[in-house]
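Here the structure comes first, spelled out in structure tokens, and everything after it is commentary.
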Amino acid sequence: MHAPYASDPSASRGRLVREEESNFRSCFQRDRDRIIHASAFRRLKHKTQVFVEHEGDYYRTRLTHSIEVAQVARTISGTLGLNAELTEAVALAHDLGHTPFGHTGEDALHALMQPYGGFDHNAQAIRIVTHLERHYADFDGLNLTWETLEGIAKHNGPVPAPIPWALEEYNARHDLELHTFASAEAQVAAIADDVAYNHHDLHDGLRAELFSTDELAELPILSENFAEVDRLYPGLNYYRRRHEALRRFFGVLVEDVITVARGRLKALNPQSARDVRHAGHAIVQFSDRIFADLKVIREFLFQRMYRAPSVVTMRAEVTDVVNDLFPYFMTHPDQLPKQWRKDVDEAEGETTLARIVSDYIAGMTDRFALQEHARLCGAGDGPDRRPPI
């Protein structure tokens with residue numbers, strides 16, 4: 001049973017291109033399924049979170065991260081009486097716009113795109129689902145519902161000026177009300193992202209031996225988690241001990257979000273999804289105490305993981321890859337795949353061409369970007385062929 005403030009698929013604002021409704025799936029279920037079957041979603045399998053994809057098979061990728069986010073989001077959504085299908089759709093789509101090489105690749109591409117409007121991964125996700133996925137006969141993109149598009153665009157809150165060009169371009173055709181907060185479902189997807197990456201980055205940092213279990217046991221929240229595990233399971237195996245502690249850390253974050261959201265919903269007493277959008281503040285957040293503790297943990301991760309010497313070295317190497325590929329394709333657009341040639345032929349001016357090149361590079365996986373760099377720019381021993389993307 002959904003709460004009155006949940007998004008109701010029968011009351012959806014619909015799609016930009018009108019379609020017949022499914023006989024057995026709600027509009028939000030169809031959105032979720034289209035996202036799962038999208039080419040951009042499959043490519044997340046070989047896009048990095050922190051470590052470059054080829055550095056190890058056990059580290060998280062954008063795909064496994066998105067699946068974890070969706071799992072957390074479904075749990076919170078169901079507990080709060082929200083629409084789980086919409087929540088899951090936004091959660092699965094939230095990282096579609098990421099470049100290869102994580103935030104390092106995005107930083108490099110944004111710098112290269114400064115003369116042409118810049119690059120923003122959230123806006124790029126909208127560009128993918130409204131323009132770049134070209135599989136349907138009747139429209140470009142996935143023709144998702146207004147509610148799913150809204151959630152992708154502003155799951156982190158209202159979009160301040162200046163609005164990224166890719167988002168502004170679509171919003172001019174289909175107003176997503178960027179000045180308001182998103183639905184409670186989208187807010188849940190956003191907080192689930194925070195829960196998932198705070199949890200799994202600790203896992204991946206341990207696996208990479210960038211810090212020790214003993215160091216984690218001294219951090220806020222985690223110190224209590226380790227103490228509880230030691231009390232319940234004295235002498236527990238080293239690996240099981242840290243897994244049990246991190247599992248409890250995960251649970252603390254989820255329970256905190258649910259408790260805070262319930263309190264805010266009770267105070268607001270929203271009677272519709274619109275009431276949530278116009279509350280003037282986020283409904284789904286961490287408590288002040290947990291948020292402060294997470295700031296300490298994030299600073300630890302920043303110093304010990306995101307800026308670890310080995311990670312910094314790889315960041316510099318992959319930045320060079322993006323910095324080489326962009327000008328190469330700008331001067332050799334004929335080297336883009338055949339399906340991109342029509343866009344290039346119709347490009348009006350340098351800005352349009354740059355945005356096409358940006359779309360292409362942003363869609364690359366880590367391994368494909370490295371292979372193309374080796375093939376086209378003479379770096380390394382990459383194969384002299386173009387693998388499928």
Pairing donors with acceptors under 3.5 angstrom, does anything connect the side chains of [X] and [Y]?
X: Ser212; Y: Asp214; result: no
X: Asp366; Y: His46; result: no
X: Tyr5; Y: Ser272; result: no
X: Thr145; Y: Thr148; result: yes
X: Glu106; Y: Thr99; result: no
X: Asn122; Y: Gln124; result: no

Got [X] and [Y] here, is their nearest side-chain heavy-atom distance under 4.5 Å?
X: Ser7; Y: Leu82; answer: no
X: Asn225; Y: Leu222; answer: yes
X: Leu253; Y: Leu294; answer: yes
X: Arg127; Y: Asp120; answer: no
X: Asn143; Y: Arg34; answer: yes
X: His179; Y: Pro158; answer: no
X: Leu216; Y: Phe211; answer: yes
X: Glu19; Y: Phe139; answer: yes

Is the number of heavy atoms from other residues, nucleotides or ligands within 6.0 Å of [atom1] ([X]) greater than 12?
X: Asp288; atom1: CG; value: no
X: Glu346; atom1: CD; value: yes
X: Glu348; atom1: CD; value: no

Consider only side-chain heavy atoms of I, L, V, M, F, W and Y, link residues closer than 4.5 Å, and tell whether [X] and [Y] are in one cluster.
X: Phe226; Y: Phe300; result: yes
X: Leu178; Y: Val129; result: yes
X: Phe291; Y: Val188; result: yes
X: Val195; Y: Phe302; result: yes
X: Phe181; Y: Ile283; result: no

Nearest 0.5 Å please: distance from the [atom1] atom of [X] over to the [atom2] atom of [Y].
X: Leu63; Y: Glu68; atom1: CG; atom2: CD; value: 10.0 Å
X: Asp359; Y: His131; atom1: CG; atom2: NE2; value: 6.5 Å
X: Arg13; Y: Cys27; atom1: CZ; atom2: SG; value: 13.0 Å
X: Leu144; Y: Ser12; atom1: CG; atom2: OG; value: 10.5 Å
X: Leu142; Y: Leu149; atom1: CG; atom2: CG; value: 9.0 Å
X: Asp204; Y: Leu301; atom1: CG; atom2: CG; value: 10.5 Å

If you link I, L, V, M, F, W and Y whenever their side-chain heavy atoms are under 4.5 Å apart, who else ends up in the same group as Phe28?
-> Leu86, Val90
Give a yes or no on whether the ring-centroid distance for His135 and His37 is below 6.0 angstrom.
-> no
For the ring pair His243 and Tyr239, is the centre-to-centre distance below 6.0 Å?
->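 Ring centres of Tyr239 and His243 not closer than 6.0 Å.
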Yes or no on salt bridge (charged side-chain N to carboxylate O under 4.0 Å, His left out) for Arg241 and Glu244, after CA distance, side-chain angles and deciding distance?
-> CA-CA 5 Å; Arg241 175 176 179 261; Glu244 281 291 329; over 6 Å; no
Arg74/Ser77 under side-chain hydrogen bond (donor to acceptor under 3.5 Å, both in side chains): CA gap, chis, key distance, verdict = CA-CA 5 Å; Arg74 282 196 310 270; Ser77 184; over 6 Å; no
Between His199 and His203, what is the ring plane arrangement, given parallel below 30°, perpendicular above 60°, and tilted in between?
->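 The arrangement is perpendicular - the two ring planes meet at more than 60°.
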Output, in order, the C-alpha distance, side-chain angles, deciding distance and verdict of salt bridge (charged side-chain N to carboxylate O under 4.0 Å, His left out) for Glu215 and Arg304.
-> CA-CA 11 Å; Glu215 288 176 292; Arg304 299 298 302 277; 2.4 Å; yes
Any donor-acceptor pair under 3.5 Å from Gln271 side chain to Asn269 backbone =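 Yes, because the side chain of Gln271 sits within donor-acceptor range (under 3.5 Å) of the backbone of Asn269.
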Among all residues two or more places apart in sequence or in another chain, which pass the side chain to side chain contact (heavy atoms under 4.5 Å, CB included) test with Val260?
->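 Applying side chain to side chain contact (heavy atoms under 4.5 Å, CB included) to Val260 gives Asp256, Arg264, Ser287.
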Kindly indicate, with the supporting measurements, whether the criterion side chain to side chain contact (heavy atoms under 4.5 Å, CB included) is fulfilled by Arg242 and Leu206.
-> CA-CA 9 Å; Arg242 75 187 193 188; Leu206 285 170; 3.8 Å; yes
Can you run down the salt bridge (charged side-chain N to carboxylate O under 4.0 Å, His left out) pairs that involve residues 138-164, sequence neighbours left out, and say none if there aren't any?
-> Glu150-Lys154, Glu150-Arg277
Quick one: do Phe101 and Arg315 satisfy side chain to side chain contact (heavy atoms under 4.5 Å, CB included)? Show the steps, please.
-> CA-CA 8 Å; Phe101 315 128; Arg315 280 172 59 92; over 6 Å; no
Sidechain N-carboxylate O distance under 4.0 Å for Lys295, Glu299 |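 No.
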Between Asp345 and Arg341, does at least one N-O distance fall below 4.0 Å, as a salt bridge requires?
-> no
Return the minimal non-hydrogen interatomic distance between Val276 and Ala182, and the atom names on each side.
-> CG1-O, 4.1 Å
Taking the six-membered ring of Tyr360, is the NZ or CZ of Arg355 close enough (under 6.0 Å from the centre) and on axis enough (within 45°)?
->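 Checked: cation-pi criterion not met.
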Derivation of the side chain to side chain contact (heavy atoms under 4.5 Å, CB included) call for Val69 and Tyr197 | CA-CA 8 Å; Val69 172; Tyr197 80 70; over 6 Å; no
Exactly one of His200, Lys47, Arg60, His98 clears side-chain hydrogen bond (donor to acceptor under 3.5 Å, both in side chains) with His65, and that residue is His200
